A.B. asks: 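The structure's right below; bear with me while I get my questions together.
Just so you know, these numbers use all the heavy atoms, side chains as well, and skip hydrogens, waters and symmetry mates. Note that this is a predicted model, so its numbers are computed, not measured. Just so you know, residue 1 is the first one in the sequence shown, and it goes up from there.
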Amino acid sequence: MPGGEAGKREARAGGRHAAAAGPEGGGAEPARPCPVPPEASSGAAAVGSSWLPARLPFSIRVLLEAAIRNCDEFLVKKQDVENILNWKVVQHKNVEVPFKPARVILQDFTGVPAVVDFAAMRDAMKKLGGDPEKINPICPADLVIDHSIQVDFNRRSDSLQKNQDLEFERNKERFEFLKWGSQAFKNMRIVPPGSGIIHQVNLEYLARVVMDQDGYYYPDSVVGTDSHTTMIDGLGVLGWGVGGIEAEAVMLGQPISMVLPEVVGYKLLGNPQPLVTSTDIVLTITKHLRQVGVVGKFVEFFGPGVAQLSIADRATIANMCPEYGATAAYFPVDDISIGYLVQTGRDKEKVMCTKKYLEAVGMLRDFKNSSQDPDFTQVVELDLHTVVPCCSGPKRPQDKVAVSDMKKDFETCLGAKQGFKGFQIAPDQHNNVMKFNFEGCDFELTHGSVVIAAITSCTNTSNPSVMLGAGLLAKKAVEAGLTVRPYIKTSLSPGSGVVTYYLRESGVMSYLSQLGFDVVGYGCMTCIGNSGPLPDSVVEAITQGDLVAVGVLSGNRNFEGRVHPNTRANYLASPPLVIAYAIAGTIRIDFEKEPLGINASGKKIFLKDIWPTRDEIQAVERQFVIPGMFKEVYQKIETVNEAWNALEAPSDKLYTWNPKSTYIKSPPFFDGLTLALQTPKTIEGAYVLLSFGDSVTTDHISPAGNIARNSPAARYLTSRGLTPREFNSYGSRRGNDAVMARGTFANIRLVNKFIDKQGPQTIHFPSGETLDVFDAAERYKQAGHPLIVLAGKEYGAGSSRDWAAKGPFLLGVKAVLAESYERIHRSNLVGMGVIPLQYLPGEDAATLGLTGRERYTIIIPEKLKPQMNIQIKLDTGKTFHAIMRFDTDVELTYFHNGGILNYMIRKMAS
């Protein structure tokens with residue numbers, strides 16, 4: 001189809017709202033046309049017309065197109081269109097705009113609670129006299145099951161099958177529930193377990209780049225319940241993570257209410273050095289943008305250096321957007337993007353229509369043409385030639401360390417004060433050695449010993465260059481006579497079956513297996529904390545020696561307590577470096593001066609001897625990463641899993657809750673809900689449940705990993721007749737509020753200022769007792785006392801996790817008072833009706849003299865407005881003010897309703 005025709009077909013759409021269901025499209029009802037200027041009434045075609053400033057950032061153009069297409073003078077108004085159109089002026093004015101994405105994507109850890117909420121909302125709708133089937137996704141949703149599989153078996157040829165068998169054994173009830181959801185709700189598709197990691201499946205299969213709705217074209221866009229949804233920005237599909245609660249509202253047809261963002265232009269120049277990987281580039285960018293400060297902003301990449309990056313490289317960079325704090329990390333569509341669609345087996349005719357449409361509406365980018373460069377709020381630059389091989393850690397993804405400095409940096413961290421870069425190990429303990437026996441052989445562990453080495457996560461496993469690089473390095477290592485110590489937990493969890501396909505076809509899979517990197521599953525696994533158990537003798541040696549043992553993973557998160565309870569130091573690294581550190585057995589090695597190992601002939605083998613060149617990798621990639629692989633894998637993705645196919649699910653539209661279930665339980669969020677609104681009341685005499693410092697993550701608030709045997713959640717599950725082997729993980733039990741409430745603030749690395757050691761405990765002030773957090777909250781609740789939480793900067797950083805808001809809500813937390821918030825977590829708090837309060841500029845707990853032992857009365861005025869200052873009174877007589885972080889009028893509406901889901905039920909019922 002010629003470019004002009006593509007524009008005409010979009011013009012026929014007018015203000016029509018269209019949404020696609022599934023890769024080939026689907027349907028939704030048209031919205032009322034919007035009274036916008038005549039030129040604009042042609043929908044997205046107007047994006048290329050003369051009234052549009054030619055230098056508007058491409059990411060903002062996506063917001064503009066969606067506003068024009070969905071403008072109905074109700075959810076999206078003419079003024080919203082004009083505000084986005086005038087972005088250059090309006091961006092600094094904290095103006096709220098709506099955005100209706102084309103689709104929603106979920107993974108099972110966040111998807112199960114979403115479907116549970118939908119099922120409970122249908123029940124509530126029925127009780128209020130409404131039609132339960134109105135609770136149904138309007139915006140199409142894909143749910144990819146990828147977070148449930150664990151590394152229980154590794155280093156054996158049948159690891160994959162055994163781990164998948166265990167996954168179904170543990171999660172059969174959850175999977176049956178999800179299968180019910182896929183049948184009970186329209187516009188919801190499930191991608192079965194064993195298919196791959198959500199963001200890689202999105203990149204390689206689900207993403208359209210341009211939606212085709214009955215001959216009407218418009219840009220693809222997506223929000224997801226996983227913070228790394230931003231990975232799809234690398235393909236030119238605008239997307240980012242939202243809270244699960246917010247995603248549910250989008251699925252029900254609500255737009256996202258967002259402050260029109262500033263856009264930081266990130267200019268890439270030059271070419272990467274031959275030994276540098278995309279992982280090195282993204283870790284460098286992560287540290288750089290953390291220093292620049294991009295929280296709440298869009299980052300848009302431009303410059304001639306972008307043209308040097310493959311889509312896989314761009315996706316790697318976009319994937320770690322949450323780690324540098326931006327909302328989105330956008331790479332506009334260019335010819336390389338179009339080529340990727342062909343490479344991954346998309347229909348060629350549709351790809352050509354996609355290109356012509358983008359050309360017609362001014363959305364196709366040429367990064368070498370500087371005349372296309374938009375205006376940005378701010379521009380920062382990176383010369384790719386300056387990037388060096390690096391890792392990040394030991395506790396945060398933004399703490400980049402050059403590989404050449406790793407040994408020195410770790411040894412400095414050993415003795416440094418407890419913190420993000422310190423373990424506070426006494427100097428005379430730095431060289432402690434613990435001997436242990438494993439499978440009949442004697443070994444030694446010391447500080448810095450590697451005990452987990454995982455090639456994992458969509459960040460890297462979606463990128464053929466680093467995966468084939470790891471395979472070629474493994475080949476050379478085996479041929480040089482190098483091995484990996486048998487006690488190190490090695491694993492390979494690809495993001496899709498395509499990875500296994502090209503590793504096998506290129507001949508490197510057998511070498512990876514010889515070093516212990518067998519395929520253990522298709523899912524997030526170690527990156528999400530599903531690393532499985534370490535050998536008992538290894539754990540005993542670590543514990544008795546109080547050792548700082550190390551995990552090395554090709555992931556995107558390395559927060560304390562996330563990867564494994566016994567790895568206090570965790571480093572993010574490229575897949576080839578994961579193998580290198582596994583062979584070395586320690587992080588305390590200088591690769592430039594020290595050999596990886598000595599082979600049977602006594603020869604010292606250095607890393608430089610086996611590191612593959614960029615030319616070697618690219619030659620193999622060109623030969624073996626071909627469209628046929630993608631077509632073969634993805635044409636059977638929804639039917640290939642026989643265990644999933646065999647699952648039986650009820651066909652009722654209302655879910656029949658099983659009171660004996662420990663996985664799926666009707667939540668109490670809608671108990672007692674009426675159509676009438678309750679007036680928000682002042683919070684009187686609240687106790688502080690916990691007092692935190694900076695960077696408390698959603699992993700601290702609501703861990704996803706193993707359930708400790710001495711925890712309140714374990715006691716509950718034991719009382720229901722379960723054994724520790726059957727506990728599974730917190731992430732897998734997010735469909736049961738009784739478990740999740742008990743798992744709130746249950747991270748073993750939690751640092752509460754009331755307690756002098758790490759752990760999930762607090763002080764119950766009326767009695768003075770030290771209790772598990774859940775038990776203390778229950779005592780307060782029984783006595784009728786409201787609760788608050790005090791925190792420092794970046795409260796709620798990390799994964800998009802709605803239970804990090806739902807859990808505190810169920811514990812009785814009415815408000816959080818922090819210095820700053822991570823974007824998604826603040827949104828989740830709002831969605832649950834928990835008040836996010838922020839100290840005034842220049843103030844914090846220390847400057848105000850707050851100990852957390854006071855009682856707090858938070859004055860809630862009758863008339864509220866966004867970001868207003870409110871008064872807080874203490875029982876000591878002290879008074880101060882804080883900002884109520886309801887940032888928009890829509891958020892205030894949610895608060896008055898007691899949360900976003902209550903609002904949606906009332907709206908639909910009335």
Side-chain angles (χ1 to χ4, degrees), residues 107 144 146-147 149 151 154 159-160 163 191 193-206 226 228-232 234-235 277-283 310-320 340 344 452-474 490-506 508-509 512-513 515 517-528 530-531 551-558 563 572-579 582 617 620-621 624-625 629-630 633-634 637:
Q107 37 88 341
V144 182
D146 68 343
H147 275 51
I149 190 166
V151 190
N154 68 312
S159 295
L160 173 62
N163 287 328
V191 177
S195 303
I197 301 175
I198 175 174
H199 307 305
Q200 188 161 344
V201 174
N202 194 18
L203 185 72
E204 295 176 350
Y205 175 62
L206 297 174
D226 188 284
H228 295 102
T229 301
T230 53
M231 183 171 178
I232 204 62
L235 185 57
T277 68
S278 58
T279 315
D280 304 319
I281 295 171
V282 70
L283 295 180
S310 67
I311 294 303
D313 291 339
R314 298 176 195 180
T316 298
I317 294 167
N319 178 283
M320 287 193 69
Y340 179 83
T344 49
I452 290 177
I455 298 176
T456 182
S457 169
C458 50
T459 308
N460 286 287
T461 66
S462 61
N463 194 322
S465 65
V466 293
M467 295 302 289
L468 288 168
L472 291 171
L473 185 140
T490 47
S491 61
L492 168 59
S493 51
S496 80
V498 174
V499 180
T500 306
Y501 204 137
Y502 65 65
L503 290 177
R504 186 175 61 242
E505 291 298 305
S506 62
V508 299
M509 190 70 244
L512 287 163
S513 296
L515 292 180
F517 290 91
D518 299 277
V519 173
V520 295
Y522 296 97
C524 293
M525 304 191 85
T526 299
C527 188
I528 190 62
N530 289 351
S531 51
V552 185
L553 65 155
S554 63
N556 48 43
R557 295 266 166 85
N558 56 344
V563 174
L572 307 181
S574 66
L577 279 175
V578 170
I579 295 176
I617 296 169
V620 175
E621 184 175 351
F624 293 103
V625 183
M629 290 182 176
F630 293 89
V633 168
Y634 283 112
I637 189 171

A.B. asks: Side chains of S457 and S554 only: does a donor on one sit below 3.5 Å from an acceptor on the other?
C.D. replies: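 There is no such pair between these side chains.
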A.B. asks: Does any part of the side chain of S278, heavy atoms only, come nearer than 4.5 Å to the side chain of V466, both counted from C-beta?
C.D. replies: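 When only atoms from C-beta onward are counted, S278 and V466 do touch, with a gap below 4.5 Å.
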A.B. asks: Test your reading of the model: is there a side-chain donor-acceptor pair from D146 to the backbone of S195, 3.5 Å cut-off?
C.D. replies: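 Answer holds: no.
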A.B. asks: Is any side-chain heavy atom of V191 closer than 4.5 Å to one of I637?
C.D. replies: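 Yes, side chains in contact.
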A.B. asks: Kindly confirm or rule out a cation-pi arrangement of R504 over Y502, judged by NZ or CZ under 6.0 Å from the six-membered ring centre and within 45° of its axis?
C.D. replies: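 Negative - R504 is either too far from the ring of Y502 or too far off its axis.
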A.B. asks: Working to the nearest 0.5 Å, report the span between NE2 of H228 and SG of C527.
C.D. replies: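 Rounded to the nearest 0.5 Å, the NE2-SG separation comes to 7.0 Å.
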A.B. asks: For residues S462 and A312, report the shortest heavy-atom separation together with the two atoms involved.
C.D. replies: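 Closest approach of S462 to A312, heavy atoms only: O-CB, 4.0 Å.
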A.B. asks: Using 0.5 Å steps for rounding, measure from the CD1 atom of I281 to the CE atom of M320.
C.D. replies: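 Separation between the atoms: 13.0 Å.
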A.B. asks: Mind running side chain to side chain contact (heavy atoms under 4.5 Å, CB included) on Y634 and V201 for me, showing each step along the way?
C.D. replies: CA-CA 9 Å; Y634 283 112; V201 174; 4.2 Å; yes
A.B. asks: How long is the straight-line distance from OG of S496 back to CG of L203, given to the nearest 0.5 Å?
C.D. replies: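 Between atom CG of L203 and atom OG of S496 there are 9.5 Å.
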A.B. asks: Would you mind reporting whether N154 and D518 have side-chain heavy atoms less than 4.5 Å apart?
C.D. replies: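 No, too far: nothing below the 4.5 Å cut-off.
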A.B. asks: Is it true that a side-chain atom of T456 and a backbone atom of M525 form a donor plus acceptor pair closer than 3.5 Å?
C.D. replies: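 A pair under 3.5 Å: no.
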A.B. asks: Determine the sole option in N556, T279, N319, T316 for which the side-chain hydrogen bond (donor to acceptor under 3.5 Å, both in side chains) test with N460 is passed.
C.D. replies: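 In the set N556, T279, N319, T316, the residue that makes a side-chain hydrogen bond (donor to acceptor under 3.5 Å, both in side chains) with N460 is T279.
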A.B. asks: Taking the side chain as every heavy atom from C-beta outward, state whether I455 and I579 have any atom pair closer than 4.5 Å.
C.D. replies: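 In short, these two side chains touch, coming nearer than 4.5 Å.
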A.B. asks: Without hydrogens or angle criteria, can the side chains of T500 and Y522 be said to hold a donor-acceptor pair below 3.5 Å?
C.D. replies: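 There is such a pair (donor and acceptor under 3.5 Å, judged by atom type) between the side chains of T500 and Y522.
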A.B. asks: If we check side-chain hydrogen bond (donor to acceptor under 3.5 Å, both in side chains) with Q200, which of these qualifies: N463, T461, T459?
C.D. replies: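 Testing Q200 for a side-chain hydrogen bond (donor to acceptor under 3.5 Å, both in side chains) against N463, T461, T459 leaves exactly one candidate, T461.
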A.B. asks: For residues V151 and I452, determine if any side-chain heavy atom of one lies less than 4.5 Å from a side-chain heavy atom of the other.
C.D. replies: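 Contact flag for V151/I452 side chains = no.
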A.B. asks: Which atoms form the tightest heavy-atom contact between F630 and T344, and what is the distance?
C.D. replies: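 Shortest heavy-atom separation between F630 and T344 comes out as CB-O, 3.1 Å.
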A.B. asks: Are M467 and L512 side-chain neighbours, meaning at least one heavy-atom pair lies under 4.5 Å?
C.D. replies: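 No, too far: nothing below the 4.5 Å cut-off.
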A.B. asks: Do H199 and T229 come within less than 4.5 Å of each other through their side chains, counting heavy atoms only?
C.D. replies: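 When only atoms from C-beta onward are counted, T229 and H199 do touch, with a gap below 4.5 Å.
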A.B. asks: Report the distance from atom CG of L572 to atom CG of N558, rounding to the nearest 0.5 Å.
C.D. replies: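 So the CG of L572 and the CG of N558 are separated by 4.0 Å.
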A.B. asks: Taking side chain as C-beta onward, heavy atoms only, is V520 less than 4.5 Å from L160?
C.D. replies: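 Side-chain contact under 4.5 Å: no.
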A.B. asks: Might you point out which heavy atoms bring G469 and I617 nearest each other, and give the distance in Å?
C.D. replies: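 Heavy atoms of G469 and I617 come nearest at CA-CD1, 3.7 Å.
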